[in-house]
Every structure is written in C-alpha cells, then in structure tokens.
Amino acid sequence: MSAKITVWMRVALAFCFFSCHELPAQADNSERMDRERNNARLTARVFKSARNDVAIAAIPSMQEIAASAERLDNYLSAYLLYIDPAADAEKLAQNISQTGRRADGTSYATPKDIISGISKYAATRGLGFQKVPASFGGITQKIDDGVPLYCWFYECAEYEGALTERTRERLETRDMDEWAKNLRHKEIKRFKRLPGKARDVLIMGYNADTKELLVFGASKRPVWMTEKEFRDCSWNDPFAIRY
C-alpha cells in the first residue's frame, strides 16, 4: 500500500516536533513562544527554487521510520515523525488495528479506519488530524506553512510509466514558461486504476506557475502532477496534522 521514501533533489533528513498540552495560566506566554518557534522551524524547512518550485525539505529517513514504526505504513510513519518524533508509533498502530477490527475477529484497516485511528491518537498528543480541501490553494497554503499533506491514491499503472517519464523530462527543461504552455497536452487524461488497491502518499511541494504538485509515494521517485491528475488519482481528500 505504501512505497519507500527516496532522497531526491537534495531533500534533507530532519525532524521537527511540537506537542500542545494544557499548561497553567502563568505559562501561557511560554506556550505561545513554543508555538511561534515551532512555526518558524516548519516554515524554515520550505525552500523555493529558481524555477519557482516550492517544496518541504525535511522528512524522516526510512531507517528512522523502521526503528520506531514497524507496523505503520511508511508515509504515515514519515508524517507522524515529521510532526512528532517522540510519538508512540506502537500505540498509534494499536489504535488503527482496534478501529479496523471486524465482527469475525479479524482486523483490516481501511483508509477510513486509519484516519479514525490517527485522529484518536493525535488527540492524546494535543494534536488534530483535519481534512484539507482538495484545491490547489488549500494545499499550497499548508505547504507554505511547512506542513505536508497525507492522502491515499488509487493504484495506477501510470505512476511508474508516464508520470515518472514526464517528471524526468521536467527536470531537464530549462524554459518553465514553455513547459507550462505544453503541460496541458502532456497531461494524462485518464488513469488506469487497479480496483480495490491504494497507496498512501505525501504532498510535499507545488509550483504556482505550472499548477503542479510534488507527490512522494506514488512511484519509486517523487513525481510532479497537475491538479487535475491529483484529483483523478485521489482516493480521498488530503489530511494535515493540526497543532
């Protein structure tokens, strides 16, 4: 259901942490400063290239994920650890498993079950897991804040084919104005979905000029997709951790 995270475009490996707990009244100023410092850390992880590509430059490595979240999907683990590296991954996995428990005693976590499990666990950490409008503006606002978005994609053959090839072509393109003009002709009109199969992904960047989104997890390497392609591939609306 998930794919391995690969290093690409000098994406650094780092953590950020913030947990909002109830504090005594006299600590309000300190709590506010912690929130402000965390906002500064998150936004500092966003970079903008000369091509006007905006992306978050820090996610946990696979080694860090494997060590602390063996029972969780790779990208869910990456997202959780990005926001809260002190998170109890085992407890989160148990919440998801319990939510997905069936009447016959088996446990099979659907995307809906996983969202419910994350929400319950996040509440214990003073965090929230909120749905984000699947619009370009809604997504880019979160990226600007240094917050990735998490969602599921239908499994489609084009990820490792046409999208990967087009992303490679994009990297070799020097004239982004020309790229934007021709992108509509290169856009995938219809994806071949594999019934009943999905994978979790992270939305890590965007380009406002070309209206493209940078997606980790759809294929072995990150790919750039148009907003329409993103909508066509999405199993559900994206989610973001609220702190």
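What you see is a predicted model, and the numbers here were worked out from it, not measured in a lab. Residues: numbered from 1 along the sequence shown.
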How about [X] and [Y]: do any of their side-chain heavy atoms sit closer than 4.5 Å?
| X | Y | value |
| --- | --- | --- |
| Pro133 | Asp237 | no |
| Thr164 | Arg221 | no |
| Val223 | Tyr159 | no |
| Asn52 | Lys48 | yes |
| Tyr154 | Pro195 | no |

Salt bridge (Lys or Arg N to Asp or Glu O under 4.0 Å) partners for [X], two or more places apart:
| X | value |
| --- | --- |
| Arg170 | Asp53, Glu212 |
| Lys181 | none |
| Glu160 | none |
| Lys186 | Glu169 |

So does [Y] get a backbone contact from the side chain of [X], meaning a donor-acceptor N/O pair under 3.5 Å?
| X | Y | value |
| --- | --- | --- |
| Asp175 | Asp177 | yes |
| Thr167 | Trp224 | yes |
| Lys142 | Ile139 | no |

Report yes or no: do Leu183 and Ile188 belong to one cluster of Ile/Leu/Val/Met/Phe/Trp/Tyr joined by side chain heavy-atom distances under 4.5 Å? no
Can you get from Ile143 to Tyr150 by hopping between Ile, Leu, Val, Met, Phe, Trp and Tyr side chains that sit under 4.5 Å apart? yes
Within this structure, what is the [atom1]-[atom2] distance for the pair [X] and [Y], rounded to the nearest 0.5 Å?
| X | Y | atom1 | atom2 | answer |
| --- | --- | --- | --- | --- |
| Glu187 | Leu163 | CD | CG | 10.0 Å |
| Cys151 | Arg199 | SG | CZ | 12.0 Å |
| Asn207 | Thr226 | CG | OG1 | 12.5 Å |
| Met225 | Asp232 | CE | CG | 8.0 Å |
| Lys197 | Trp235 | NZ | CH2 | 11.5 Å |
| Leu171 | Arg166 | CG | CZ | 12.0 Å |

Who pairs with Val46 by side chain to side chain contact (heavy atoms under 4.5 Å, CB included), at least two apart in sequence or on another chain?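 With sequence neighbours excluded, Val46 shows a side chain to side chain contact (heavy atoms under 4.5 Å, CB included) to Val54, Ile56, given in chain and number order.
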Partner residues of Ser234 under the side chain to side chain contact (heavy atoms under 4.5 Å, CB included) criterion, sequence neighbours left out: Phe153, Phe230
Note: Glu229-Lys189 ion pair, threshold 4.0 Å (strictly below): no
Looking at Glu165 and Arg168, is there a salt bridge between them, counting it only when a charged N and a carboxylate O are closer than 4.0 Å? yes
Could you walk me through whether Arg193 and Cys156 pass the side chain to side chain contact (heavy atoms under 4.5 Å, CB included) test, one step at a time? CA-CA 5 Å; Arg193 297 177 180 176; Cys156 300; 3.9 Å; yes
Minimum heavy-atom separation for [X] to [Y], with atom names?
| X | Y | value |
| --- | --- | --- |
| Gly138 | Val132 | O-CG1, 3.7 Å |
| Gly217 | Val201 | C-CG1, 3.8 Å |
| Gly137 | Thr140 | O-OG1, 3.1 Å |
| Glu227 | Ala134 | OE2-O, 4.3 Å |
| Val215 | Ala218 | CG1-CB, 4.2 Å |

Quick one: sort the Tyr206 and Phe136 rings into parallel, tilted or perpendicular, breaks at 30° and 60°.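 If you compare the ring of Tyr206 with that of Phe136, the planes turn out perpendicular.
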Whether over 12 other heavy atoms sit under 6.0 Å from Lys228 NZ: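 Yes.
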Derivation and outcome, side chain to side chain contact (heavy atoms under 4.5 Å, CB included), residues Glu178 and Asn182: CA-CA 6 Å; Glu178 189 67 21; Asn182 296 328; 3.4 Å; yes
